[in-house]
Asks: 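Following this message is one structure expressed as structure tokens.
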Amino acid sequence: MLMEMKTIVVQEGFADNIIKKFSDPGVVEEAPGFVDLSIMVQKARKGEEEVVVMIRWESKEMWKQWELSDPHLEGHRQSRGKPRPDYIISSKSGHYELKAVKEPRPI
């Protein structure tokens, strides 16, 4: 399993904009190998909010297929040349391979 983590720091009060963007229906849910997408928000601090988007894929190969797919590339073409919203302070993305899982012990 591959996890794609996007961390987006926004000005306080704008986390909902990011949540809406990633939680609205889209084409990624139809991509082969897509498992799920979770959105987490860290408690606001110092005028900032941190939003973490975790997208799980069945495998690195399935994620690569998505990255090169027409629907994914078209989405990026549509936003090309548009300025990033002013409320976004920073963003970063990383990919992590699942190596271990700990589950509750049976009672």
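Only this structure's heavy atoms are used, side chains among them; waters, hydrogens and symmetry mates stay out.
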Asks: Measure across Ser91 and Arg84 and return the closest heavy-atom pair with its distance rounded to 0.1 Å.
Replies: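 Closest pair (atom of Ser91, atom of Arg84, distance): OG-NH1, 3.6 Å.
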Asks: Going from CD on Glu4 to OG on Ser93, what distance comes out if it is rounded to the nearest 0.5 angstrom?
Replies: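 Atom-to-atom, Glu4:CD and Ser93:OG are 5.0 Å apart.
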Asks: Please assess Leu98 against Met3 for the test side chain to side chain contact (heavy atoms under 4.5 Å, CB included), listing each intermediate value before the final yes or no.
Replies: CA-CA 7 Å; Leu98 182 64; Met3 296 181 191; 3.9 Å; yes
Asks: Under the side chain to side chain contact (heavy atoms under 4.5 Å, CB included) rule, what do Phe34 and Met62 come out as? Steps first, then yes or no, please.
Replies: CA-CA 8 Å; Phe34 171 80; Met62 300 305 283; over 6 Å; no
Asks: Rounded to the nearest 0.5 Å, what separates atom NZ in Lys60 from atom CD in Glu97?
Replies: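 With rounding to 0.5 Å, NZ (Lys60) is 5.5 Å from CD (Glu97).
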Asks: When you measure from the side chain of Glu29 to the backbone N and O of Gly26, does any donor-acceptor pair fall under 3.5 Å?
Replies: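 Yes, Glu29 side chain to Gly26 backbone: donor-acceptor pair under 3.5 Å.
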Asks: Below 4.5 Å, heavy atoms only, C-beta onward: do Met40 and Val51 meet side chain to side chain?
Replies: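 No, every pair of side-chain atoms sits at 4.5 Å or beyond.
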Asks: After noting the C-alpha distance and the side-chain angles of Ile8 and Phe22, does the key distance pass the side chain to side chain contact (heavy atoms under 4.5 Å, CB included) rule?
Replies: CA-CA 12 Å; Ile8 305 160; Phe22 283 96; 3.9 Å; yes
Asks: Tell me whether the count of non-hydrogen atoms from other residues, nucleotides or ligands lying under 6.0 Å of CG in Asp24 goes above 12.
Replies: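 Yes, CG of Asp24 has more than 12 neighbouring heavy atoms, counting only those of other groups under 6.0 Å.
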Asks: For residues 49-58, pull every pair meeting salt bridge (charged side-chain N to carboxylate O under 4.0 Å, His left out), keeping only residues two or more places apart or in separate chains.
Replies: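 Of all non-adjacent pairs touching residues 49-58, those that pass salt bridge (charged side-chain N to carboxylate O under 4.0 Å, His left out) are Asp36-Arg56, Arg45-Glu50.
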Asks: Once you round to the nearest 0.5 Å, how far does OG1 of Thr7 lie from CD of Gln42?
Replies: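 Between Thr7 OG1 and Gln42 CD, I get 10.0 Å after rounding to 0.5 Å.
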Asks: Taking Glu74 first and then Arg77, would you say they form a salt bridge - that is, a charged N and a carboxylate O separated by under 4.0 Å?
Replies: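 Looking at Arg77 together with Glu74, the answer is yes, because their closest N to O distance falls below 4.0 Å.
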Asks: For His72, enumerate each residue passing the ring pair (Phe, Tyr, Trp, His ring centres under 6.0 Å) test, keeping only those at least two apart in sequence or located in another chain.
Replies: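 If we apply the ring pair (Phe, Tyr, Trp, His ring centres under 6.0 Å) test to His72, skipping adjacent residues, the hits are Trp66, His76.
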Asks: I'd like to check Leu68 versus Trp63 (side-chain heavy atoms, cut-off strictly below 4.5 Å). Are they in contact?
Replies: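 They are not in side-chain contact.
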Asks: Mind checking the CD1-CD1 spacing from Ile18 to Ile88? Nearest 0.5 Å is all I need.
Replies: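 The distance works out to 4.5 Å.
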Asks: If every non-hydrogen atom of Ala15 is compared with every non-hydrogen atom of Val41, which pair is closest and at what distance?
Replies: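 For Ala15 and Val41, the tightest heavy-atom pair comes out as CB-CG1, 4.2 Å.
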Asks: Working to the nearest 0.5 Å, report the span between CD1 of Ile39 and NZ of Lys6.
Replies: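 Going from CD1 on Ile39 over to NZ on Lys6, the span is 12.0 Å.
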Asks: Check for me, please, whether Leu37 and Met54 land in the same ILVMFWY cluster - side-chain distances under 4.5 Å, paths through other members count.
Replies: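 The answer is no; the residues belong to distinct hydrophobic clusters.
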Asks: Can you tell me how far CD of Gln65 sits from CH2 of Trp57, rounded to the nearest 0.5 angstrom?
Replies: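 Reported to 0.5 Å precision, the distance equals 9.5 Å.
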Asks: Group every Ile, Leu, Val, Met, Phe, Trp and Tyr by side-chain heavy-atom contacts under 4.5 Å, then state whether Val9 and Tyr87 land in the same group.
Replies: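 Hydrophobic grouping puts Val9 apart from Tyr87.
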Asks: Indicate yes or no: at least one non-hydrogen side-chain atom of Val35 is less than 4.5 angstrom from one of Met1.
Replies: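 A side-chain contact under 4.5 Å exists here.
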Asks: Among the clusters formed by ILVMFWY side chains lying less than 4.5 Å apart, do Val27 and Ile55 turn up in the same one?
Replies: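 Yes; Ile55 is reachable from Val27 via cluster members.
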Asks: Would you indicate whether the side-chain heavy atoms of Val10 and Glu48 approach each other to under 4.5 Å?
Replies: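 No. Closest side-chain heavy atoms not under 4.5 Å.
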